[in-house]
J.: 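This structure is in C-alpha cells; I'll ask about it shortly.
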Amino acid sequence: MKTIKEMYRQPGEYFGKTISLCGWIRSNRNSKAFGFIELNDGSFFKNIQIVFEEEKLENYKEIARLGVGTAILVKGVLVETPNAKQPFEIKAESIQVEGHSPSDYPLQKKRHSFEFLRTIAHLRPRTNTFSAVFRVRSLLSYAIHKFFQERDFVYVHTPIITGSDAEGAGEMFQVTTFDLKNVPVTEEGRIDYKEDFFGRETNLTVSGQLNAEAYALAFRNVYTFGPTFRAENSNTARHAAEFWMIEPEMAFADLNDDMILAEDMIKYIFDYVLQHAPEEMEFFNNYIDKGLLERLDNVVQSEFGRITYTEAVEILKKNNDKFDYKVEWGTDLQTEHERYLTEKIFNKPVFVTDYPKEIKAFYMRLNDDGKTVAAMDLLVPGIGEIIGGSQREDRLDVLDTRIRGLGMREEDYWWYRDLRKYGGTRHAGFGLGFERAIMYMTGMSNIRDVIPFPRTPRSAEF
RNA sequence: UCCUCAGUAGCUCAAUGGCAGAGCACUCGGCUGUUAACCGAGGGGUUACUGGUUCGAGUCCAGUCUGGGGAGCCA
C-alpha cells in the first residue's frame, strides 16, 4: 500500500508501475464509458485523480454511482499527464468499495461556511481548509518541541489540576467529586472542602508558570506545553475555554533575554512550517488570506519592534482623536491601541515593555522607578497579543510587599516564596498562546477553527 | 457579560404586509478526457421557538433560543 504523499514527493519512482492506494472520494465525475475520481488518503493535502473505464472494471456502474465520502481501495498504474491540470493520475485496474457514503453526507464538493462546518466538527477535517489547518497545527507543535530541545530546555509537565488560584487570573473551572445535589457543609454553613477528593478546593490550571519557575530554578531552562483552562464568559474569535499554551522559563535571565528567546522562537517555528508544509501554506495564501506569505516572510526576516509602555502612550496620545477610548498613562492599552501600534506604527510584531505595576500580575519584577514592572507583551498584526511575559520578582521582601499590597496571603504562596529564599536568582519567562500562533500562521480568523473540537461558552458538543 | 447583525429547502442565499423561489447538493436519464465537468427532468419547506398586531405575517411588535461580528477579560 502506498500513500498519495509518496506519489507527489517521488513520482518518478512510480511511473508505469502498478500501485495500491486507499482513501476517500472527494469528487466523482463520469460519463457513459469512463470517469474520474478525486481521491484523498489523508497523507497529503492534495488529491490524486483516478481514471476508471468501463472496459477495465467489471463493477464500472457501481463505481460511477459512488458519492463523496466513500472509502475505496484502488489498484492501478501511475501515469504522467503533461498536458493536464494535474501532473499525473492513476489508471485504475480495479476499485473496491470499503465503506459507502449515503446521499445525505453533509459535505459537498463546494465551499461551505466555517459556521456550518463547526456544527459538524467530526467531519470537517475531511475538507481542504481543515486538512491544512490541522496538519499545520501538528507541525507547529513539533517545531516548538524541536526549538526548545535543540537549546537544551527541559520539558516539564506541570499539573492540570491545581490547588492554587495563583495569579487570580480569571475564572477557573472547579474540580470536585462532590455530589452537587448534596454538598457537605461545615458547622458554619460553608462548603466543607476537607471532605472533597483532594481535601481542599481545586481547579483546572490557568497557567503552569508558578510550577515552571520551580523547575527553572533547578534545570535553569525549562518549558511547558499543555492545555490550559479559563472559565471566562468570553465570546470572541480569539478566546476559548480550553486552549494550549507554551511557557518557557529561564533562570539567570532578564527581560531582554526573554524577548530574544520569544523572537527567536517565533521565527524558528514559522520558518519550520513554511518549509515543511508548502502546499498548505500556499493554499492559505490563495484562499484564506491573500497577503499571508509576504507577511510571514517579513516576520521571519525582520527585527521585531520594541517600545516601552510609556513611549507607546506618548505616540498614541498624539492620535487620540482616532480612538474611541482615549489613552492616558496608567490605563491598560485597548485592542484598538494595540492594533494601531503593531499594524500602523510598526507594521510588524512589536514588544511593548515596562507596564505600570497596577495593571500587571503580582509576580512581575518591580523596576527601579518603582512605578513599572519588567513585563512584555508581543503584539502582532491581526491577532493582537500573542505572547505575555515578564522577568519575575526574585527579591523576597519586594515580593512580599506586593502580595500583601494586593490583599493576598503570604502563606498561600509559601513554596513560591521558598524559591526566592533558597538560591533565588533573576529569572524570566513568557506564555505563548498556541492557537493564536496557529491563527497568525494560517490566516484563520476564528480560534474555533484551529482547535479540533473547540470548547467555548455554551458549546462542548463533540 | 455588554453592543450590534442575523436565523427561509441538505448548503449558500432571494422574496414591496398579498400564490414559498434560485443556484449548488440529492434522485433518474443522457454524454468518449473531465478538473467545484456538462445537458435534460424530478423530489425536497413547522420560514429558529412562543405569543401579539392585522382581513392577511417569512416580512411588523414583544420575549426566548442559537449563531456571526465588535468590546471587556486574556493567551
Side-chain angles (χ1 to χ4, degrees), chain A residues 26-38 46-55 64-65 67-69 79 81 83-87 89 91 101-120 123 127-128 167-171 206-209 227-247 262 287 323-325 332-339 359-361 377-380 383-389 430-440 445-451 456-459 461:
Chain A
R26 286 283 181 88
S27 122
N28 185 0
R29 331 173 261 280
N30 51 76
S31 54
K32 195 174 182 180
F34 65 91
F36 305 91
I37 287 173
E38 292 287 332
K46 292 184 173 178
N47 308 318
I48 197 164
Q49 176 163 282
I50 312 291
V51 188
F52 59 105
E53 297 166 277
E54 188 178 27
E55 57 183 28
R65 291 167 53 88
V68 177
V79 297
T81 52
N83 297 319
K85 283 192 178 177
Q86 74 286 352
E89 65 189 15
K91 294 265 191 204
S101 179
S103 61
D104 60 355
Y105 186 61
L107 291 173
Q108 299 169 17
K109 46 185 177 181
K110 68 162 201 173
R111 194 180 171 79
H112 287 292
S113 66
F114 291 146
E115 288 85 357
F116 170 66
L117 291 170
R118 277 173 216 149
T119 69
I120 49 169
L123 298 176
T127 64
N128 285 335
E167 303 176 56
E171 294 298 308
V206 293
S207 165
Q209 181 202 313
T228 310
F229 307 88
R230 304 273 166 93
E232 289 289 345
N233 189 12
S234 296
N235 295 288
T236 83
R238 306 184 306 282
H239 292 85
E242 177 180 323
F243 63 99
W244 285 55
M245 193 152 61
I246 295 97
E247 294 177 290
Y287 295 102
F323 303 128
D324 292 336
Y325 291 87
D332 211 352
L333 299 180
Q334 304 288 315
T335 298
E336 59 178 339
H337 307 138
E338 295 182 339
R339 293 191 62 160
I359 59 175
K360 287 293 182 183
D377 285 354
L378 179 63
L379 311 179
V380 299
I383 309 292
E385 186 179 342
I386 196 170
I387 282 175
F430 61 80
L432 166 71
F434 184 49
E435 283 77 11
R436 290 189 182 173
I438 300 169
M439 290 166 73
Y440 191 37
S445 56
N446 194 311
I447 196 169
R448 298 171 184 88
D449 297 327
V450 301
I451 298 175
T456 53
R458 299 179 305 283
S459 176
E461 173 73 15

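A, B, ... follow the sequence lines: proteins, then strands. Residue 1 opens every chain.
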J.: Per the atom types in the model, does the base of rC74(B) pair as donor or acceptor with the side chain of Ser234(A) at under 3.5 Å?
T.: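 There is none.
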J.: Quick one: the side chain of His112(A) and the base of rC11(B), do they pair up donor-acceptor inside 3.5 Å?
T.: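 No such pair is found, so the answer is no.
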J.: Not counting sequence neighbours, which residues clear salt bridge (Lys or Arg N to Asp or Glu O under 4.0 Å) with Glu38(A)? List them please.
T.: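 With neighbours one apart ignored, the set is Arg29(A).
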J.: Ring-on-base stacking between Phe36(A) and rA37(B), under 5.5 Å between centres and under 30° between planes: is it there?
T.: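 No, Phe36(A) does not stack on the base of rA37(B).
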J.: Starting at CE of Met245(A) and ending at C1' of rC74(B), how long is that distance when rounded to a whole Å?
T.: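 Going from Met245(A) (CE) to rC74(B) (C1'), I get 10 Å.
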J.: Counting a pair only when it is Watson-Crick or G-U and both distances are under 3.5 Å, which runs of at least 3 such pairs involve RNA chain B?
T.: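 Runs of three or more consecutive pairs: B:1-7 with B:65-71, B:10-13 with B:21-24, B:26-30 with B:38-42, B:48-52 with B:60-64.
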J.: Spell out yes or no: do the side chain of Arg29(A) and the base of rC31(B) have one donor N/O and one acceptor N/O closer than 3.5 Å?
T.: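 No pair found.
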J.: Sequence neighbours excluded, which residues qualify as salt bridge (Lys or Arg N to Asp or Glu O under 4.0 Å) partners of Lys360(A)?
T.: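 Salt bridge (Lys or Arg N to Asp or Glu O under 4.0 Å) list for Lys360(A), sorted by chain: Asp377(A).
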J.: What about Gln49(A), does its side chain sit under 3.5 Å from the base of rU34(B) through a donor-acceptor pair?
T.: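 Present.
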J.: Is there a donor on the side chain of Gln86(A) or the base of rU34(B) sitting less than 3.5 Å from an acceptor on the other?
T.: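 Flag set: donor-acceptor pair detected.
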J.: Scan side-chain atoms only and decide if Asn128(A) and Arg26(A) contain a donor-acceptor pair under the 3.5 Å cut-off.
T.: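 Short answer, yes.
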J.: What about Glu89(A): does its side chain form a donor-acceptor pair under 3.5 Å with the base of rG33(B)?
T.: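 Such a pair exists between side chain and base.
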J.: Under 3.5 Å, which protein N or O atoms sit close to an N or O of nucleotides 38-48 of chain B? Give each pair with its distance.
T.:
none

J.: Taking salt bridge (Lys or Arg N to Asp or Glu O under 4.0 Å) as the definition, give me every residue that meets it alongside Glu53(A), ordered by chain and number, with sequence neighbours left out.
T.: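 Glu53(A): salt bridge (Lys or Arg N to Asp or Glu O under 4.0 Å) contacts with Lys56(A).
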J.: Got a sec, which residues hit salt bridge (Lys or Arg N to Asp or Glu O under 4.0 Å) with Arg339(A), two or more places apart in sequence or on another chain?
T.: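 Per chain and number, Arg339(A) pairs via salt bridge (Lys or Arg N to Asp or Glu O under 4.0 Å) with Glu343(A).
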J.: Would you confirm whether Glu232(A), through its side chain, and Glu171(A), through its main-chain N or O, come within 3.5 Å as a donor-acceptor pair?
T.: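 The answer is yes, because a donor-acceptor pair under 3.5 Å joins these two groups.
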J.: If you go through the side-chain atoms of Gln334(A), does one of them form a donor-acceptor pair with the base of rG72(B) closer than 3.5 Å?
T.: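 Checked by distance alone, the answer is no.
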